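Just so it is clear, the model here is predicted, and its values are computed rather than measured. Just so we're on the same page: letters track the sequence lines, and every chain starts at 1.
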Amino acid sequence: YSTFPYSPTWKKEDVTYRILNYTPDMLQADVDEAIARAFQLWSSVTPLRFTRVYGGQADIMISFAAGFHGDFYSFDGPGGTLAHAYAPGSGIGGDAHFDEDENWTKFTTNSGYNLFLVAAHELGHSLGLSHSNVFGALMYPIYMPVDTRNYQLHQDDIDGIQALYGPPKEPDALPTKAFPPQEPTEMIPAEAPTPTLPREEPTEITPSKPPQRPDDCDPHLTFDAITTLRGETLFFKGSYVWRKSPYFSEIEHDTISSFWPSLIDGFDAAYEVDKRDRVLFFKDDQYWAVSGYRIESGFPRPIQNLGFPSSVRRIDAAVHDQSTKRTYFFVGNKYWSYNENTQSMERGYPRKIASDFQGIVHPIDAALQKNGYFYFFHGSNQYEVDMKRKKLIRTMKSNSWFNC
Amino acid sequence: FPVAPEKEQKDMQLAKKYLENFYDFKEEKHSLFKAKDLSRMADKIREMQSFFGLEMTGELNQKTLDMMKQPRCGIPDVRS
């Protein structure tokens with residue numbers, strides 16, 4: 001992330017905004033909602049509170065305009081520049097302008113720009129963030145069409161805004177008026193906009209405390225799933241991802257939504273078939289295939305497509321053996337073997353884990369193949385196993401990969 | 001295949017505008033030293049390529065042009 005020169009910020013926690021006019025592309029209520037959701041994104045990770053006002057001067061004035069509109073940066077017709085906003089300050093400071101020559105929508109479609117996404121980015125500027133060069137961050141300057149249901153800020157955005165304002169205050173200290181969760185439904189938009197009357201009461205948006213990422217070196221740290229991806233290793237827990245890469249020394253902290261915005265948090269299992277550049281994610285009785293950032297079409301699919309009986313409702317862990325082209329699925333105290341070449345479950349399975357892997361007596365939370373060994377995770381421990389000899393080599397803490 | 005001269009001209013104009021808007025590039029309109037201008041432009045292209053994680057060639061290659069054509073925020077990427 002980066003900030004503007006001299007890092008200007010609002011010197012107060014109550015910031016006002018006003019919507020000066022509306023785009024005819026959307027229902028006014030949808031514009032109001034998109035802007036309110038965009039503010040909520042930032043208030044959820046800072047002590048800031050945003051209040052909408054309907055007249056007079058607000059800290060952040062929001063407007064739609066085309067071409068030259070009285071500031072230093074004229075808009076350029078459809079495409080190109082979509083919007084811009086000014087760093088915190090008096091006058092034009094904090095204001096956000098949206099190019100009326102664009103087609104604004106409440107959806108993520110190919111025929112328009114999602115107002116919530118663009119507004120959330122611009123309001124980042126209004127609060128003092130400049131552009132980030134981290135791909136996937138909201139403050140990355142390029143518009144990236146993503147599904148905005150359950151949209152969450154990238155860790156880089158959170159780090160940036162909290163460097164300026166700090167984290168949210170403790171819930172006890174918060175006002176009790178909470179912004180209701182509003183998740184838009186991705187559906188066909190209505191054609192004709194209908195005017196809505198402004199409400200007389202100002203709308204106050206207050207933050208809700210986001211879940212905390214567990215500490216890397218917490219000895220009790222457990223994982224939902226682990227997989228390799230193009231030479232890197234990804235550890236999943238809830239919405240969080242720890243990324244260990246041979247290309248950088250530090251462990252990178254991300255969220256699932258920053259890589260795959262439309263996937264649901266809390267994977268049960270994951271594994272990579274490196275020869276196909278494909279990672280499969282499992283959640284309950286469904287699975288998804290991704291290639292890098294791209295989610296393959298036709299997913300999710302039911303896990304029964306892989307050959308599981310209908311009695312299996314979820315997978316605990318999965319790991320692909322690159323040398324044998326077999327994938328092992330762990331469910332309770334049993335495991336299955338799937339032949340990736342024939343795309344079918346092998347005969348003779350399921351078998352008891354403890355029968356074939358001596359010393360592994362617990363269900364497996366996550367599994368990983370690395371450096372010729374298999375690592376089976378249970379709670380805060382992991383077991384290093386030599387698969388050829390099916391022999392337990394040693395036991396370690398689950399977070400031994402994080403240089404603690 | 002080589003790029004058609006007309007397209008090359010258009011791409012160059014687009015790149016100059018982009019670098020002026022977002023990378024604080026200023027073309028010397030009446031400069032006698034075009035080579036100096038091109039060198040400064042190559043520096044700015046390199047800066048832009050670095051920001052977006054592209055290969056830093058300083059040349060206006062296809063990947064760089066494609067990135068310049070993406071819809072984006074109007075705030076500059078570098079401080080002027």
(request) Kindly give the heavy-atom pair with the smallest separation between B:Glu59 and B:Thr64, and that separation in Å. (result) O-OG1, 3.9 Å
(message) Using a 4.5 Å heavy-atom cutoff, which residues in residues 65-79 of chain A come close to chain B?
(response) A:Tyr73
(request) Please state whether the side chain, the backbone, both or neither of A:Tyr140 comes within less than 4.5 Å of a heavy atom of chain B. (result) side chain
(message) Any carboxylate oxygen within less than 4.0 angstrom of a Lys/Arg side-chain nitrogen, looking at B:Arg46 and B:Asp43?
(response) yes
(request) Measure from the ring center of A:Tyr151 to the ring center of A:Phe116 and say whether it is less than 6.0 Å. (result) yes
(message) With side-chain hydrogen bond (donor to acceptor under 3.5 Å, both in side chains) as the criterion, how do A:Tyr1 and A:Asp157 come out once you've worked through the C-alpha distance, each side chain's angles and the decisive distance to 0.1 Å?
(response) CA-CA 7 Å; A:Tyr1 67 88; A:Asp157 301 310; over 6 Å; no
(message) Assess, by modelled atom type and distance only, whether the side chains of B:Gln49 and B:Thr57 contain a donor and an acceptor separated by less than 3.5 Å.
(response) yes
(request) Check for a donor-acceptor pair, side chain of A:Trp242 on one end and backbone N or O of A:Thr233 on the other, with a separation under 3.5 Å. (result) no
(request) Mark yes or no for whether B:Asp24, through its side chain, and B:Val78, through its backbone, hold a donor-acceptor pair below 3.5 Å. (result) no
(message) I'd like to know if the side chain of A:Thr16 reaches the main chain of A:Asp59, judged simply by a donor and an acceptor atom lying under 3.5 Å from each other, with no hydrogens or angles considered.
(response) yes
(request) Look only at the side chain of A:Trp10 and the backbone of A:Gly128, and say whether a donor-acceptor pair between them is shorter than 3.5 Å. (result) no
(message) What residues of residues 81-97 of chain A make heavy-atom contacts with chain B at a cutoff under 4.5 angstrom?
(response) A:Thr81, A:Leu82, A:Ala83, A:His84, A:Ala85
(request) Measure B:Met67 against the heavy atoms of chain A and call it side chain, backbone, both or neither at under 4.5 Å. (result) both
(request) State whether the side chain of A:Gln162 and the backbone N or O of A:Val45 hold a donor-acceptor pair below 3.5 Å, judged by distance alone. (result) yes
(message) Among A:Glu122, A:Met144, A:His125, which residue has the highest count of heavy-atom pairs closer than 4.5 Å to chain B?
(response) A:His125
(message) Using a 3.5 Å distance criterion without hydrogens, assess whether the side chain of A:Thr227 forms a donor-acceptor pair with backbone atoms of A:Leu234.
(response) no
